[in-house]
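Have a look at the structure below before the remarks.
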Amino acid sequence: MIPKYIRFKGINFILSNYIMTQEKALALLKSGANLFLTGSAGAGKTYVLNQFIQYLQDAKIHVAITASTGIAATHIKGNTIHSWSGIGIKQIIASKDLEYLKKTNVYRDQFNKTKVLIIDEISMLHKDQLNSIHQILSYCRDNPMAFGGIQVVLCGDFFQLPPIGNYHETSKDKFAFMSDAWVWGEFKIAYLTDQYRQSENELNRILEEIRSGKISQNTIDSLNEAKGNTFEKEIEPTKLYTHNVDVDTINNKFLENLPGKRRYFKALTKGDKSLVTTLKKSVLTQDNMSLKIGAKVMFVKNNSEKNYINGTLGEIIDYSTLGFPVVKTLEGDEITTSLEEWSILNEAGHPLATYQQVPLRLAWAITVHKSQGMTLDAAELDLSKTFERGQGYVALSRLRALDRLKLLGFNNVALQVDPLALKADRRFRELSQILDEETNLDELDVKRKDFIRKSGGRVLTKLQKD
């Protein structure tokens, strides 16, 4: 369990009641410090990150927006860190690779222009790759400082899915916080604790127990009771499975069994071919999508104007005069879809590659992996074949409440988190509280203005009031 108190400079800090506000986390980001933004699922990490990105763009500070996976990159309208940095699928960078990147105008120019590098879903980035990114930036920018002297912001939660490594690698061989670059970067910790997806309910209690590494009998009983949950007739829950084969089988079966003819929707692409390929692999819709009236679908993009988010569920009830699906959501809203655009942008905000498609996918079933980052209205979940620690936590944290979950089964692995991640998380909370106590908003605002000037940005009156 997390210790009730820690002692720092003669003062006892109560960790159980500790809260870092989003305002403070955003101020820390703006101060120019290397920072790890973390917290439980639903704590608002992506919201704070998007606020920071908008702030940098308004201030005309060059920011590289990246993520460890293509799916996560599309959520923040960025690029994969692998593509942006030039490391590709490599983990360890060689001298000849460094020389090539430095001689290549596109890479050299973007590295030198960048003042802030953001890497989202850091839990899935291998430690060797973070070391390589440091080497690349230092070498190509001719600056021996950590990451070539630019601000680096890491965002994520190490209780989420871990990096892919070799079969013989342990957690300490893979996690980014075990890298030399993490130490050299002297990353400060901003640990968000407020909950915006789940309120103080039974599901939130279960998730906190999983994060603590100590599962009570109450949690076991509650999950077993969830096996008997039922939904209203009009609600068809999304089915979550740990393996792709189960998902594809279910979706194809349900679509085939629907009456009526299929309608086909082909994606439109433009831009650099390799980046288009990256988009195709990461966007949750399909290049050639077939749908029918009555199909259970999920929106896979956010659109506040049309009142849907990534994860909104519904059913196709009609087609518009232009031929696009009309979806009735679980809340009863009728939404006429149109083409949405996913893009990879350069530091100036101009598209390098675009992908246009109807923002839907069949949603009778999806994988736990693809659900990461989503908020689901209702779910039927099978964790009986869970093979990796963290999968259960990811799946359960997609929901807002336990009564919106029908649990088909779970094994012991489903309730486990990585022991090293557990130990690190305790320390992250401690460091975040110490940082929170040592800093105030006025001091951080002074650093913010200094960082803008140092970065060649604009200090605007409206920004000074943020």
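Predicted model only: the values in this text are computed from it and were never measured. Note that these values count all heavy atoms, side chains included, but never hydrogens, waters or copies made by symmetry. Nothing fancy with the numbering, it's 1 onward along the sequence.
- Among all heavy-atom pairs drawn from Val417 and Ile210, the shortest one is CG2-O, 3.5 Å.
- Side-chain atoms of Thr285 never come within 3.5 Å of backbone atoms of Arg361 as a donor-acceptor pair (strictly under, hydrogens ignored).
- Formation of a donor-acceptor pair under 3.5 Å by the Glu315 side chain with backbone atoms of Lys328 is not found in this model.
- Under the rule for a ring pair (Phe, Tyr, Trp, His ring centres under 6.0 Å), the partners of Phe36 that lie at least two apart in sequence or sit in another chain are Phe158, Trp182, Phe428.
- Checked by atom type and distance alone, the side chain of Ser179 pairs as donor or acceptor with a backbone atom of Ala176 at under 3.5 Å.
- Side-chain atoms of Gln54 and Asp58 include a donor-acceptor pair closer than 3.5 Å.
- Taking 4.5 Å as the limit, some side-chain heavy atom of Ile133 sits within range of a side-chain heavy atom of Leu125.
- Side-chain contact check for Ile189 versus Leu435: every heavy-atom pair is 4.5 Å or farther apart.
- The closest donor-acceptor contact from the side chain of Ser138 to the backbone of Met145 lies under 3.5 Å.
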message = Set out, in order, the CA-CA distance, both residues' side-chain angles and the distance that settles side chain to side chain contact (heavy atoms under 4.5 Å, CB included) for Ile316 and Val326, then state yes or no.
response = CA-CA 6 Å; Ile316 296 177; Val326 178; over 6 Å; no
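- Note that CD1 of Ile119 and OG1 of Thr66 are 4.5 Å apart. Values are rounded to the nearest 0.5 Å.
- In this structure the side chain of Val327 never reaches within 4.5 angstrom of the side chain of Ile317, judged on heavy atoms.
- The CG atom of Leu279 sits 13.0 Å away from the CD atom of Gln357 when rounded to the nearest 0.5 Å.
- Remark: the backbone N or O of Leu322 is paired with a side-chain donor or acceptor of Ser320 at under 3.5 angstrom.
- Counting heavy atoms from C-beta outward, Ile87 and His82 have side chains that approach closer than 4.5 Å.
- Panel note: side chain Asn143, backbone Gly148; a donor-acceptor pair is recorded below 3.5 Å.
- Although no hydrogens or angles enter the test, the distance criterion places a donor-acceptor pair under 3.5 Å between the side chain of Gln110 and the main chain of Trp84.
- Counting only heavy atoms from C-beta outward, the side chains of Leu207 and Leu396 approach each other to under 4.5 Å.
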message = Could you go through His243 and Phe387, starting from their C-alpha distance and side-chain angles, then the distance that decides it, and tell me whether this counts as ring-ring contact (aromatic ring centres under 6.0 Å, His included)?
response = CA-CA 10 Å; His243 292 73; Phe387 59 91; 5.1 Å; yes
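- With hydrogens and angles left out, the side-chain atoms of Glu169 and His126 include a donor and acceptor closer than 3.5 Å.
- Atom CD of residue Glu430 and atom CZ of residue Arg427 lie 5.0 Å apart, to the nearest 0.5 angstrom.
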query = Taking it one step at a time, do Leu360 and Met298 satisfy side chain to side chain contact (heavy atoms under 4.5 Å, CB included)?
reply = CA-CA 5 Å; Leu360 300 173; Met298 175 191 295; over 6 Å; no
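- Gln286 pairs by the side-chain hydrogen bond (donor to acceptor under 3.5 Å, both in side chains) definition with nothing, not counting sequence neighbours.
- Residue Asn440 is tested with Glu438, Glu443, Glu437 for a side chain to side chain donor-acceptor pair (under 3.5 Å); the sole match is Glu443.
- Residues in residues 127-146 take part in these ring-ring contact (aromatic ring centres under 6.0 Å, His included) pairs, two or more places apart or across chains: His134-Phe147, His134-Trp184.
- Among residues two or more places apart in sequence or in another chain, the salt bridge (charged side-chain N to carboxylate O under 4.0 Å, His left out) test is passed with Lys90 by Asp97.
- At distances below 3.5 Å, at least one donor-acceptor pair connects side-chain atoms of Ser432 with backbone N or O atoms of Tyr191.
- Between the side chain of Thr219 and the backbone N or O of Ile206 there is no donor-acceptor pair closer than 3.5 Å.
- For Asn105, the side-chain hydrogen bond (donor to acceptor under 3.5 Å, both in side chains) partners at least two apart in sequence or on another chain are Arg108.
- Taking the side chain as every heavy atom from C-beta outward, Phe175 and Pro162 approach each other to under 4.5 Å.
- Closest of all the heavy-atom pairs between Ile452 and Tyr55 is CD1-OH, 3.0 Å.
- Partners of Glu209 according to the salt bridge (charged side-chain N to carboxylate O under 4.0 Å, His left out) rule, which considers only residues two or more places apart in sequence or in another chain, are Arg205.
- Distance check, rounded to the nearest 0.5 Å: OG of Ser212 to CG of Leu422 gives 7.5 Å.
- No hydrogens or angles considered: a donor-acceptor pair under 3.5 Å links the side chains of Ser338 and Lys306.
- Scanning all heavy atoms of the two residues, the minimum distance from Leu223 to Leu402 falls at CD2-CD1, 4.5 Å.
- For the salt bridge (charged side-chain N to carboxylate O under 4.0 Å, His left out) condition, no pair includes a residue of residues 174-192, sequence neighbours left out.
- Among residue pairs with one or both ends in residues 124-141, none qualify as salt bridge (charged side-chain N to carboxylate O under 4.0 Å, His left out); sequence neighbours excluded.
- The one candidate from Arg398, Arg400, Arg404 that meets the salt bridge (charged side-chain N to carboxylate O under 4.0 Å, His left out) condition with Asp377 is Arg400.
- Cation-pi geometry between Lys30 and Phe52 is not met at under 6.0 angstrom from the ring centre and within 45 degrees of the axis.
- Legend: residues meeting salt bridge (charged side-chain N to carboxylate O under 4.0 Å, His left out) with Asp450, ordered by chain and number and at least two apart, are Arg453.
- Using a cut-off of 4.0 Å between Lys/Arg side-chain N and Asp/Glu carboxylate O, Lys102 and Asp142 are scored as salt-bridged.
- Side-chain atoms of Tyr355 and Asp287 include a donor-acceptor pair closer than 3.5 Å.
- Distance check, rounded to the nearest 0.5 Å: CZ of Phe451 to CG of Leu29 gives 10.5 Å.
- Partners of Tyr241 according to the side-chain hydrogen bond (donor to acceptor under 3.5 Å, both in side chains) rule, which considers only residues two or more places apart in sequence or in another chain, do not exist here.
- By the side-chain hydrogen bond (donor to acceptor under 3.5 Å, both in side chains) test, Glu388 is found to be paired with no residue, residues two or more places apart in sequence or in another chain being considered.
- One distance of note links OG of Ser31 with CG of Leu444; it measures 5.5 Å at 0.5 Å rounding.
- For the pair Leu383/Leu381, a side-chain contact is recorded, criterion being any heavy-atom separation below 4.5 Å from C-beta on.
- Without hydrogens or angle criteria, Ser83 side chain to Asn79 main chain gives no donor-acceptor distance under 3.5 Å.
- Residues Asp436 and Lys24 are paired through a salt bridge, judged by an N-O separation under 4.0 Å between the basic side chain and the carboxylate.
- A salt bridge links Asp445 with Lys449: the closest approach of a Lys/Arg side-chain nitrogen to an acidic carboxylate oxygen falls below 4.0 angstrom.
- The closest side-chain heavy-atom distance from Cys155 to Thr38 is not below 4.5 Å.
- Residues satisfying the salt bridge (charged side-chain N to carboxylate O under 4.0 Å, His left out) test with Asp157, not counting sequence neighbours, are Arg211.
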